[in-house]
Amino acid sequence: MKNIRKLAVVQLIYVLLTTPLFAQSNTDSCHPCDEIHRMDSTHIVVWHNGVQASHLHTEDVRGVSFAPVATLLSAIPQLNLISTGNSIQKPMFQGLSGLRLPLIQNELRMVGQTWGNDHGPELARAGVESVNVLKTHNALWVTGESWGNAVQVEYQPTYHSHAVNLQSGLGYSTNGNALLANFKLNQGTHHAGMGWYIQGQGYASQDYSVPLSLEAQKSPAKTSPETKNGILSNTASKEFSIMGGFKQKLNGHWTIQSDLSWFFSENGIYAGSHIGNTTDLINSINRKDPNILLQSGSYQINKPKQAAEHISTSAIIQRHDGWKTLISFQQNTRQEFDPHRNPNYTFPQLNVRLNAVQIRQEIPLNSRLISHAQVGGEWQQQSYGGYFLVPEFTSQQYFGVIKGKFEHHNFQQNWALRLDFLNRHTLLKDQSVNEQAYTGISGAYSASKIQKRNTYQLFLNHSWRAPAVNELFSAGVHHGNASYEEGNSLLKPEWGEKLEFQLKKAFKKSNFELTTFGLWSPNYIHLNPQSSPILTVRGAFPYYKYEQLPTLLSGFSAYQEFFFSRGTLTAGGEYTYGRILEPERFPTLLPCSELSLGWVGQFKWGEYFLKYTRVFQQQYFTAETDLMPPPEEYHLLDAGITLKKDSKYELTLNGNNLLNTRYRNYLDRFRYFTPAMGRNIGLKLNINIHYHEKTHH
């Protein structure tokens with residue numbers, strides 16, 4: 001206990017020294033938490049639009065089924081969103097984004113996320129069973145690209161002792177006239193953990209609206225007469241998915257599990273983001289209101305637009321003593337369409353297809369020092385059509401991992417060590433082939449001590465990551481986020497150290513959680529905006545370059561929840577600091593500081609919630625390193641009510657941004673062109689039907 005306290009003190013001192021804090025301004029869970037994140041379901045604070053926990057369950061997410069899965073993930077403390085408008089969002093955890101936060105779907109790492117920072121995850125927004133942030137040894141076990149963290153999203157049901165379970169939902173939301181339908185059907189038994197499931201969803205929305213300035217509201221040509229909002233041209237979206245799988249015992253020793261999923265989305269890119277010359281671009285950025293608005297929305301998606309498709313299949317064969325083999329195949333396709341090309345040309349400007357095969361073998365060792373080992377490989381092949389932005393490549397990656405665990409009374413330690421080897425052949429624009437080989441070692445250690453009502457947790461990571469192909473060789477317009485990106489062929493593998501300390505304290509009628517973290521890297525890879533836009537034959541765009549710079553990140557989050565007879569009150573806040581050490585400046589896209597206050601109340605027929613959030617202006621900003629300064633601070637108010645009957649029917653009414661606040665999000669790359677979405681009211685009916693086997697009641 002003394003050792004962990006000493007390490008905790010070192011971590012807190014490290015964060016305090018590197019973070020200028022005052023310089024500027026009732027659930028029934030079926031999913032076990034990971035080894036470090038032990039949290040009883042009764043301690044999860046349910047806000048339905050925000051769950052302050054490291055682990056989420058189905059009961060926590062029913063109220064957000066309209067939003068992309070990334071929005072659900074942002075309910076986790078210190079997990080924010082990088083976005084391109086309202087439809088394309090990607091999670092960021094503790095300031096680490098993009099390639100450093102791998103996404104796992106049903107034990108399968110989603111390789112399509114290695115394209116960059118801006119692509120929304122190819123994850124269905126309905127049917128989520130649980131979400132978990134993996135840390136240290138758990139993250140290193142599933143992928144070597146993590147910096148101590150990975151996000152795991154589970155769709156596989158936990159089978160109960162019933163013959164059939166049917167879940168279905170229908171919904172509508174006002175902003176964009178969005179429609180959603182989904183279902184999930186599964187059959188199985190929890191006694192043997194066997195069964196099958198199938199689920200599907202469809203979603204479509206029109207062009208969405210944003211609040212306008214008072215000056216713009218006086219112009220009927222620019223506003224909707226019903227709301228005095230402006231409707232953004234070409235921001236409609238649609239999404240479809242289907243997923244299924246089964247788990248079955250082959251005999252007394254072997255079990256097989258298989259999953260198959262298909263996902264497709266198409267998103268319009270705001271028409272006002274593609275501008276012909278730099279003068280018009282600067283003028284558009286300096287405008288109070290978007291320059292292209294409609295009076296009525298449409299479900300039609302025109303150019304510029306982005307389309308993504310994901311197909312995956314996997315099989316897991318497991319023996320009763322812990323031997324486990326995983327084989328999977330993925331195909332990810334991404335297309336982007338240029339509006340300035342001849343309208344008779346319908347082919348995409350970017351047409352990237354990435355195929356990947358993964359094989360992993362887990363081996364139980366059960367020695368005092370090493371509990372498990374894992375070896376495996378991944379083969380990737382990327383092809384492209386249209387014009388050059390991300391080149392073709394083939395790669396082979398091989399890895400080995402060992403991990404161990406030590407337990408003594410209420411003190412638990414975990415560690416992992418991973419070796420990765422990557423060989424990649426890239427076809428460059430001049431038709432020459434660039435061959436690169438990378439080898440690196442990653443390590444992780446965690447310790448958890450439970451003492452009476454207190455839980456202390458410490459996480460240590462040494463991480464490395466090879467530069468991705470887009471970081472090295474990108475050279476062109478990225479229509480999906482209306483920018484020009486330029487790679488850097490001189491990038492080396494980045495590496496660094498990360499520390500995190502977490503304290504959880506349980507009182508008689510309240511819980512408190514504090515998390516601090518610090519990260520140092522001598523060669524962190526940034527995608528930095530330039531102070532001037534760039535003019536290309538496709539138009540004028542914000543200009544981004546990949547650069548490798550020594551970097552420091554640190555921060556904390558603190559939340560306190562209070563339990564009352566009729567509900568739960570939660571208050572908390574988050575803070576992140578970052579610094580590029582040479583040349584001295586602040587990194588871009590740091591999460592803004594925020595405070596929040598939420599109430600969840602229960603009554604006879606259901607529950608209701610209120611949530612207030614204040615997001616502060618980003619003070620850690622270096623002038624002349626971006627096209628516009630950080631947006632002003634803003635306040636958001638969300639609320640909702642859920643009516644329940646016999647656990648079979650749920651009717652949820654949700655309101656987001658109820659005050660119709662006009663704001664721009666610092667982490668939104670479309671803040672150059674438009675404010676964020678205005679008021680949105682959603683209504684959703686969920687039907688949950690269980691047919692139980694009487695013999696197991």
Any sub-3.5 Å donor-acceptor pair from [X]'s side-chain atoms to [Y]'s backbone N or O?
{"X": "Asn665", "Y": "Leu667", "answer": "yes"}
{"X": "Gln618", "Y": "Pro591", "answer": "yes"}
{"X": "Gln560", "Y": "Asn511", "answer": "yes"}
{"X": "Asn523", "Y": "Pro493", "answer": "yes"}
{"X": "Ser521", "Y": "Trp495", "answer": "yes"}
{"X": "Gln374", "Y": "Ile363", "answer": "no"}
{"X": "Ser446", "Y": "Trp415", "answer": "no"}
{"X": "Asn149", "Y": "Thr136", "answer": "no"}
{"X": "Tyr155", "Y": "Ala124", "answer": "yes"}
{"X": "Arg614", "Y": "Glu594", "answer": "no"}

So does [X] pair up with [Y], basic N to acidic O under 4.0 Å?
{"X": "Arg109", "Y": "Glu145", "answer": "yes"}
{"X": "Lys505", "Y": "Glu513", "answer": "no"}
{"X": "Lys324", "Y": "Glu107", "answer": "yes"}
{"X": "Glu494", "Y": "Arg465", "answer": "yes"}

Which residues satisfy the side chain to side chain donor-acceptor pair (under 3.5 Å) test with Thr551, sequence neighbours excluded?
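For Thr551, the residues satisfying side chain to side chain donor-acceptor pair (under 3.5 Å) (neighbours in sequence not counted) are His526.
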Any side-chain heavy-atom pair of [X] and [Y] under 4.5 Å:
{"X": "His310", "Y": "Ser261", "value": "yes"}
{"X": "Thr588", "Y": "Leu527", "value": "no"}
{"X": "Thr515", "Y": "Gln94", "value": "yes"}
{"X": "Thr255", "Y": "Lys247", "value": "yes"}

Looking at Phe459, I'd like to know if the NZ or CZ of Lys135 sits under 6.0 Å from its six-membered ring centre while staying within 45 degrees of the ring's axis.
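Positive - Lys135 is close enough to the ring of Phe459 and near enough to its axis.
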Phe399 six-ring centre to Arg418 NZ/CZ under 6.0 Å and within 45° of normal:
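Positive - Arg418 is close enough to the ring of Phe399 and near enough to its axis.
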Does NE2 in His253 sit with more than 12 non-hydrogen atoms of other residues, nucleotides or ligands closer than 6.0 Å?
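Atom NE2 in His253 is not crowded, with 12 or fewer foreign heavy atoms closer than 6.0 Å.
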Excluding sequence neighbours, so at least two apart, what forms salt bridge (Lys or Arg N to Asp or Glu O under 4.0 Å) with Arg424?
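Counting only residues at least two positions away or on another chain, Arg424 forms no salt bridge (Lys or Arg N to Asp or Glu O under 4.0 Å).
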Sequence neighbours excluded - salt bridge (Lys or Arg N to Asp or Glu O under 4.0 Å) pairs with any residue from residues 68-78
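Passing the test, one end in residues 68-78: no pairs.
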Which pairs, with at least one residue in residues 576-588 and sequence neighbours excluded, count as a salt bridge (Lys or Arg N to Asp or Glu O under 4.0 Å)?
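Passing the test, one end in residues 576-588: Glu547-Arg585, Arg579-Glu584.
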Who pairs with Ser328 by side chain to side chain contact (heavy atoms under 4.5 Å, CB included), at least two apart in sequence or on another chain?
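For Ser328 the side chain to side chain contact (heavy atoms under 4.5 Å, CB included) partners, ignoring immediate neighbours, are Leu108, Ser314, Leu326, Gln358.
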Who pairs with Leu491 by side chain to side chain contact (heavy atoms under 4.5 Å, CB included), at least two apart in sequence or on another chain?
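Only Pro467, Glu471, Leu472, Asn488, Ile525, Tyr546, Gln548 meet the side chain to side chain contact (heavy atoms under 4.5 Å, CB included) criterion with Leu491.
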So Trp464 and Tyr438, would you call those rings parallel, tilted or perpendicular, with 30° and 60° as cut-offs?
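Answer is tilted, since the angle falls between 30° and 60°.
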